[in-house]
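Notes for the one structure printed next.
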Amino acid sequence: MSKRSIGDWVFDSFNYLLLGVAGLVTLFPFWNVIMTSLVGSTEYYSKAVVLWPSAPNLTAYLYIFSTNWIATGFRTTFLITVLGTLFDLALVCTAAYAMTKKDLAGYKFFNYFFLLTMYFSGGLIPYYLIVTQYLKLTDTLASMIITGSLSVWSYLVLRNFLKEIPAELPESAKIDGANELTILLRIMLPLSLPSIATLALFAAVGHWNEWGRALYFINSQDKLPLQMILRKIVLDPNAARGMRGSMDKAYQQLVGGTNETLFEEAVKAATVVVATLPIMLVYPFIQKYFVKGVLVGSVKG
Amino acid sequence: MATKTVKAAPAAPRAGGLLPRIWRDRFTYALLAPAFVFTILFAYWPIYGMVLAFKDFSFKAGIFGSPWAKNFGFFWFIKMFNDPGFLHVLGNTVSISFWKIVIGTLSCILFALLLNEVRGTIYKRAIQTVMYLPYFLSWVIMASVIYNLFTSSGGVLNRLLQDLNGGEKIQIISNPKYFRAEVYISMVWKSVGFGSIIYLAAIAGVNAELYEAAIIDGANRMQRAWFITLPSIKSVIVLLLILDAANIMNAGFDQIYNLYSPQVYDVGDILDTFIYRRGVTNGEFSFTTAVGLFKNVVSFGLLLLVNFIAKRLGEEGVL
């Protein structure tokens with residue numbers, strides 16, 4: 001590999017260029033959304049593409065924050081992310097630890113009981129009817145937090161990790177009189193903290209991006225998570241019309257009676273930016289855990 | 001009899017019968033209880049709830065109290081197979097899934113191969129960081145960003161395409177002509193980076209001596225990729241294809257639901273969106289439960305089938 005031929009050089013240049021272009025193509029749409037949120041309609045339509053606005057302005061942001069929808073969206077999203085992640089982890093940790101005990105009566109039954117749910121489900125409609133009709137969780141935050149079963153993938157990853165912990169550790173704690181819950185909380189979980197942190201990140205990103213269960217179960221505007229607020233403003237023309245009416249009023253009250261019409265695309269883009277920013281900010285720090293998680297999870301359970 | 005007792009003797013350390021063992025492990029069962037209860041509630045209860053496919057749903061009586069349907073309970077299945085809407089959506093689902101698997105797999109492998117040839121670590125990291133990003137964003141955000149690019153009220157790419165088209169108006173969003181392309185391209189955009197991780201890891205595991213030998217034999221990079229890398233990661237590719245194939249009835253609710261509109265139902269409606277609209281929105285609960293049951297049974301059958309085929313081919317299965 002010491003001497004690089006001309007062919008190598010050509011290939012490398014071409015390859016670097018190609019990947020660079022792929023990166024730019026991936027990023028450009030996000031950049032364009034940010035720029036759209038900052039320009040006025042005149043500049044937006046007069047230029048082929050706005051790489052940087054001549055006079056960036058934040059009116060679109062002022063406008064979308066004039067009602068408290070974005071704020072309540074954030075609150076709901078924050079709550080379901082924190083509580084949902086804790087709920088998921090509670091199920092995963094307790095089940096994974098319990099299932100490290102292979103001599104448990106019914107071990108095989110429980111193992112298949114959980115595994116089967118990975119491959120077979122009842123489908124949307126029975127689930128929907130059970131949550132709404134039988135458990136009466138319509139329009140509650142709980143419908144977006146506790147209406148899930150054990151995450152089998154996380155369970156397998158954690159169980160395999162816990163099995164690697166030498167059995168002497170829990171055994172000796174037991175002799176000292178610790179019960180199972182103490183062993184789990186004081187010994188097993190602290191030792192598997194890196195794995196649990198990775199699983200928690202996966203769960204948290206999933207809950208942060210939650211919109212499906214809100215679509216099925218939530219009716220009140222003030223309980224919708226951020227993703228659904230975004231969906232309504234940008235992707236659902238009927239809902240947007242109603243919301244824009246109230247937003248117009250709130251905005252006019254805020255800035256004092258001016259009847260200026262806001263550039264609609266900037267309003268939509270600002271909503272996208274606000275909904276995307278939190279993930280963009282934490283993403284560089286959590287990225288590597290996800291890569292690790294994918295590789296750990298690909299080991300057969 | 002004598003041999004039996006002799007055999008049983010070494011395996012005796014299990015103290016006591018079943019009940020004492022259960023009592024001994026009572027705390028372990030208590031730890032298992034939460035996951036067990038919620039899995040019953042939200043996985044097994046809905047599975048049992050699929051009996052609704054054989055019943056006529058009434059709001060008053062609920063799933064389990066509703067009366068049985070006509071034709072020995074198969075009324076809704078007969079209706080389903082006579083419903084042109086269902087057959088059409090089934091076709092859409094399989095075709096969209098199929099092309100998503102083909103395009104997705106090829107793009108991920110190609111990206112992994114190209115990335116593997118990059119020697120500068122910093123450049124490689126930068127590209128990876130950028131390409132993994134969309135994976136972390138929801139389809140609501142992705143669809144909104146696509147809207148921003150292509151909206152006919154002045155999306156950047158929409159205007160560019162119009163200029164290329166000699167100034168004539170072009171509608172990309174909600175246009176049945178472009179919808180499938182939109183689905184495939186946005187899928188690649190969202191998942192090519194993250195989906196390549198597993199292939200990259202497999203490539204990293206290929207024996208370096210093979211490459212050295214090939215270099216001595218005068219193989220160029222293309223030849224090395226074709227004759228060494230790809231055959232070496234074959235089992236990973238097959239394994240992932242198996243998982244994809246078993247998933248062919250899922251064409252991606254999140255993606256389709258956020259991208260589509262009534263104008264593109266003809267080319268874009270899939271089983272999951274069909275079930276949602278006819279079920280949750282229209283309240284045709286028995287009918288859509290039958291569709292869901294059909295979908296899940298076929299999925300499960302496919303999983304067993306591809307698993308069997310994979311094992312026959314000498315690959316490791318997934319079950």
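Fair warning: this is a prediction, and the values are worked out from it, not measured in the lab. In what follows, every chain begins at residue 1, and chains take the letters A, B, ... in the order their sequences are listed.
No donor-acceptor pair under 3.5 Å is formed between the side chain of B:Y276 and the backbone N or O of A:L124. In this structure a side-chain-to-backbone donor-acceptor pair under 3.5 Å is present from A:N209 to B:F136. No side-chain donor-acceptor contact under 3.5 Å links A:Y119 to the backbone of B:F300. Between the side chain of A:N15 and the backbone N or O of B:L114, at least one donor-acceptor pair lies under 3.5 Å. Of the possible donor and acceptor atoms, one in the side chain of A:Y283 sits under 3.5 Å from a partner among the backbone N and O of B:L133.
Side-chain contact between A:W211 and B:Y257: present, with at least one pair of heavy atoms (C-beta onward) separated by less than 4.5 Å. Using a 4.5 Å heavy-atom threshold, the side chains of B:V156 and A:Y44 count as touching. Side-chain contact check for A:F11 versus B:N220: every heavy-atom pair is 4.5 Å or farther apart. Contact of the B:Y44 side chain with the A:L116 side chain is registered, since non-hydrogen atoms from C-beta on lie closer than 4.5 Å. The shortest distance between side-chain heavy atoms of A:D12 and B:R119 falls below 4.5 Å. Contact check for A:T147 versus B:F38: no side-chain heavy atoms found under the 4.5 Å cut-off. Side chains of B:S144 and A:L230 form a contact here, defined as non-hydrogen atoms less than 4.5 Å apart. Proximity of B:V140 to A:V234: side-chain heavy atoms (C-beta onward) are nowhere separated by under 4.5 Å.
Under the 3.5 Å distance criterion, with hydrogens and angles disregarded, a donor-acceptor pair is assigned to the side chains of A:E265 and B:S153.
Looking at B:I127, only its side chain comes within 4.5 Å of chain A, counting heavy atoms on both sides. Contacts of B:L32 with chain A are made by both backbone and side-chain atoms, with heavy-atom separations under 4.5 Å. Using a 4.5 Å cut-off between heavy atoms, B:L240 makes no contact with chain A at all. Both the backbone and the side chain of B:F59 come within contact range of chain A, with heavy atoms under 4.5 Å apart. For chain A, no part of B:F287 is nearby; none of its heavy atoms comes within less than 4.5 Å.
The ring of B:W45 has its center closer than 6.0 angstrom to the ring center of A:Y134.
Salt-bridge formation is not detected for the pair B:D25/A:K101: no Lys NZ or Arg NE/NH1/NH2 atom is positioned less than 4.0 Å from an Asp or Glu carboxylate oxygen.
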